[in-house]
Amino acid sequence: MLDVQLFRHEPQRVRDGLASVGADPVLVDTVLELDQRRRAALQGLETARAERTRCSKEIGGLPAEQRKAAGASVRALGEEIAKLEVTADEAERRLRDVMLEIPNLPHPTVPVGPDDSANVVLREEGQRPALGFEPKPHWEIGAALGIIDFERGVKVSGSRFYVLFGAGARLQRALISFMLDLHTREHGYVEVYPPAMVKEHCLYGTGNLPKFADNLYRDAEEDYFWVPTAEVPVTNLYRDEILENAALPIRHVAYSPCFRREKMSAGRDVRGIKRGHQFDKVELVKFVRPEDSDRELEGLLADAEDVCRRLELPWRIVQMCTGDLSFVASIKFDIEVWAPGCGEWLEVSSCSNFRDFQARRAQIRFRRDREHRPELVHTLNGSGLALPRVLIALLENHQQADGSVRVPAALRPYVGADVIGPPA
RNA sequence: GGAGAGAUGGCCGAGUGGUCGAAGGCGCGCGCCUGCUAAGCGUGUAUACGGGUAACACUGUAUCGAGGGUUCGAAUCCCUCUCUCUCCGCCA
């Protein structure tokens with residue numbers, strides 16, 4: 001959520017920003033009008049309440065037998081207040097509803113563009129493998145090795161589900177452990193194991209609601225949502241808190257399963273394990289002082305890239321243009337790994353700086369010192385990394401002519417083998 | 001799932017209809033004193049949204065788990081919900 005003050009003081013800047021991310025600049029005028037209405041309603045209400053308080057105190061000082069009569073004369077005021085409350089609440093709610101649907105403003109350094117065609121590939125890192133044979137897609141490799149079973153996944157849970165067997169399951173578990181260890185031991189993150197189900201308000205905090213309900217699984221009866229990413233529970237860890245200045249920055253790494261309905265991408269990426277309803281992910285989440293957030297984003301990106309490097313995967317960094325930013329991000333860099341088998345770049349992480357957008361929704365603040373009022377923190381996050389796609393890249397980049405898959409050195413202690421071969 | 005107890009400021013803990021944003025203690029900030037490793041004295045110490053200011057100051061309203069009700073007036077009375085704790089049942 002954006003700061004209403006920004007609308008009041010720099011409306012043109014907000015209009016320009018909204019236009020650049022494809023939102024309607026007229027929203028600024030809507031907000032300004034609703035804000036005006038809200039303030040007017042509030043002033044009327046507060047005046048009336050102040051008057052009532054004065055009267056009530058007077059009555060309190062009266063002898064008991066006079067109170068009843070005096071009270072009756074104030075009754076009308078109470079009824080008026082009730083009406084003004086309804087008006088003020090209504091104004092407040094309408095403003096809030098609009099504000100909740102307004103996207104974040106882009107960081108000034110974000111390249112301007114209408115859609116993903118204007119995204120910028122900043123650099124390419126790592127070596128593409130010189131395989132010397134026609135690379136197979138992971139669904140062939142996985143099936144041949146007996147480590148990915150698509151048919152049984154469908155049998156048990158329907159389309160977009162698969163089952164990992166044997167070395168495949170172990171490989172995934174190894175990746176999770178490897179990533180958690182790397183980020184906790186070498187990058188300074190504190191590990192968190194969060195709930196995979198959250199209450200509705202958490203999703204408002206991170207910005208998944210109200211706009212993106214159709215990508216979420218929910219249990220309406222119990223008001224539970226399955227998390228689409230660990231970002232949701234981890235960001236909400238500090239909701240409604242005022243953190244100590246010394247506690248910042250907070251850097252968390254969390255492994256969690258993620259659940260997405262994928263309604264919007266029906267029919268897309270149905271082959272393989274690239275896009276399922278359930279997948280695993282190791283997520284990095286930061287809570288930082290505003291002045292540190294630009295630098296912290298660089299660090300976040302570097303920490304996520306380090307996973308690619310150690311897994312000996314070729315990757316590239318793509319900066320999202322204004323038109324391709326997510327609803328909540330003010331700046332975003334994707335990490336894409338090359339998958340030679342299916343011949344595409346796979347998004348394995350989106351590293352974003354949300355600035356105070358989520359913090360305002362979730363009311364995550366910190367106190368710089370006693371003299372200052374609490375300030376909103378900046379939140380950032382990015383995957384470090386998303387498991388199934390790393391698995392794809394691993395199988396496809398490290399496949400060998402005989403059908404086996406080489407395990408990169410960094411992963412060997414976790415897998416307990418140098419090579420994943422066909423079933424005996 | 002059944003029965004009971006509870007939810008007050010950073011923490012502990014008073015407060016059962018009025019002058020209570022809320023005693024007292026702890027913690028913490030600032031000042032003084034003292035001078036020795038600790039204490040004493042004074043003073044201050046929630047948040048949000050309005051008004052106000054160049055910015056402070058100042059000022060209004062709200063907030064005692066959440067929502068609703070009674071009342072001129074609710075931390076205090078009534079209802080609903082949430083959460084926590086104890087016991088029973090069930091269970092990985």
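The basis for the numbers below is simple: all heavy atoms, side chains too, and nothing from hydrogens, waters or symmetry mates. Note on naming: letters A, B, ... go to the chains in the order of the sequence lines (proteins, then strands), and numbering restarts at 1 for each one.
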Need the pair for [N]. Rule: Watson-Crick or G-U wobble, both distances under 3.5 Å, any strand; none if unpaired.
{"N": "A3(B)", "answer": "U86(B)"}
{"N": "G35(B)", "answer": "none"}
{"N": "U53(B)", "answer": "none"}
{"N": "C30(B)", "answer": "G42(B)"}
{"N": "C64(B)", "answer": "none"}
{"N": "A74(B)", "answer": "none"}
{"N": "G9(B)", "answer": "none"}
{"N": "A92(B)", "answer": "none"}

Among the nucleotides [options], which one has an atom lying closest to any side-chain atom of [X]?
{"X": "Asp35(A)", "options": "G18(B), A48(B), G50(B)", "answer": "G50(B)"}
{"X": "Lys57(A)", "options": "G50(B), U47(B), U19(B)", "answer": "U19(B)"}
{"X": "Arg49(A)", "options": "G73(B), G50(B), U61(B)", "answer": "U61(B)"}
{"X": "Arg75(A)", "options": "G73(B), U71(B), U61(B)", "answer": "U71(B)"}
{"X": "Arg373(A)", "options": "G50(B), A48(B), U61(B)", "answer": "A48(B)"}
{"X": "Val74(A)", "options": "G50(B), U47(B), C72(B)", "answer": "C72(B)"}

Would you kindly give the [atom1]-to-[atom2] distance between [X] and [N], to the nearest whole Å?
{"X": "Ile59(A)", "N": "A74(B)", "atom1": "CD1", "atom2": "P", "result": "12 Å"}
{"X": "Asp89(A)", "N": "U61(B)", "atom1": "CG", "atom2": "C1'", "result": "13 Å"}
{"X": "Asp369(A)", "N": "U45(B)", "atom1": "CG", "atom2": "C1'", "result": "14 Å"}
{"X": "Leu34(A)", "N": "C49(B)", "atom1": "CG", "atom2": "P", "result": "17 Å"}
{"X": "His372(A)", "N": "C56(B)", "atom1": "NE2", "atom2": "C1'", "result": "12 Å"}
{"X": "Arg52(A)", "N": "C72(B)", "atom1": "CZ", "atom2": "P", "result": "11 Å"}
{"X": "Asp223(A)", "N": "C83(B)", "atom1": "CG", "atom2": "C1'", "result": "14 Å"}
{"X": "Leu243(A)", "N": "G10(B)", "atom1": "CG", "atom2": "C1'", "result": "13 Å"}

Salt bridge check: are Arg49(A) and Glu85(A) linked by an N-O gap of less than 4.0 Å?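 A salt bridge is present here (some side-chain N lies under 4.0 Å from a carboxylate O).
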Residue-phosphate contact under 4.0 Å: [X] side-chain N/O, [N] OP1/OP2:
{"X": "Arg365(A)", "N": "A48(B)", "value": "yes"}
{"X": "Arg367(A)", "N": "G10(B)", "value": "no"}
{"X": "Arg8(A)", "N": "G50(B)", "value": "yes"}

Val4(A) or Ile242(A): which one's nearest nucleotide on RNA chain B is closer to the 5' end?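 Result: Ile242(A).
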If you assign Arg54(A) and Arg38(A) each to the RNA chain B nucleotide with the nearest heavy atom, which residue ends up on the more 5' nucleotide?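 This one resolves to Arg38(A).
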Close approaches to RNA chain B from residues 40-48 of chain A, in residue order (heavy atom, under 4.0 Å):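 Residues of residues 40-48 of chain A that come under 4.0 Å of RNA chain B are, in numerical order, Leu42(A), Gln43(A), Glu46(A).
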Going by distance alone, is a donor N or O of one side chain under 3.5 Å from an acceptor N or O of the other, for [X] and [Y]?
{"X": "Gln400(A)", "Y": "Ser404(A)", "answer": "yes"}
{"X": "Asp306(A)", "Y": "His187(A)", "answer": "yes"}
{"X": "Arg361(A)", "Y": "Gln358(A)", "answer": "no"}

Take atom [atom1] in [N] and the same atom in [M], then report the distance between them in whole Å.
{"N": "U53(B)", "M": "G17(B)", "atom1": "P", "result": "44 Å"}
{"N": "C88(B)", "M": "G9(B)", "atom1": "C1'", "result": "37 Å"}
{"N": "G2(B)", "M": "G10(B)", "atom1": "C1'", "result": "38 Å"}
{"N": "G68(B)", "M": "U63(B)", "atom1": "P", "result": "11 Å"}
{"N": "A14(B)", "M": "C91(B)", "atom1": "C1'", "result": "42 Å"}
{"N": "U70(B)", "M": "C78(B)", "atom1": "C1'", "result": "7 Å"}
{"N": "C12(B)", "M": "C28(B)", "atom1": "C1'", "result": "15 Å"}
{"N": "U86(B)", "M": "G15(B)", "atom1": "P", "result": "25 Å"}

Side chains of Cys308(A) and Leu385(A), heavy atoms from C-beta outward: is any pair under 4.5 Å?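 In contact.
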Side-chain heavy-atom pair Lys68(A), Ile59(A) within 4.5 angstrom cut-off: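 Not touching, per the 4.5 Å side-chain cut-off.
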When we call it a touch if two heavy atoms are under 4.0 Å apart, what does Arg67(A) touch: a base, just sugar-phosphate, or nothing?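 Contact class for Arg67(A): base.
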Using a heavy-atom cut-off of 4.0 Å across all strands, would you classify Ala70(A) as base, sugar-phosphate, or nothing?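 No contact at all - Ala70(A) keeps every heavy atom at 4.0 Å or more from the nucleic acid.
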Run His398(A) and Leu313(A) through side chain to side chain contact (heavy atoms under 4.5 Å, CB included) and show every step you take. CA-CA 9 Å; His398(A) 300 325; Leu313(A) 301 172; 3.9 Å; yes
Which residue is it: Phe354(A), Tyr189(A), Phe366(A), Tyr238(A)? I am looking for the one with a ring pair (Phe, Tyr, Trp, His ring centres under 6.0 Å) to Phe287(A).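 It is Tyr238(A); the other options fail the test.
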Between Arg96(A) and Arg93(A), is the side chain to side chain contact (heavy atoms under 4.5 Å, CB included) condition met? List the steps. CA-CA 5 Å; Arg96(A) 187 174 172 77; Arg93(A) 214 198 68 238; 5.6 Å; no
With a distance cut-off below 6.0 Å to the six-membered ring centre and an angular limit of 45° from the axis, does Lys199(A) pair with Tyr224(A) as a cation-pi contact?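 Checked: cation-pi criterion met.
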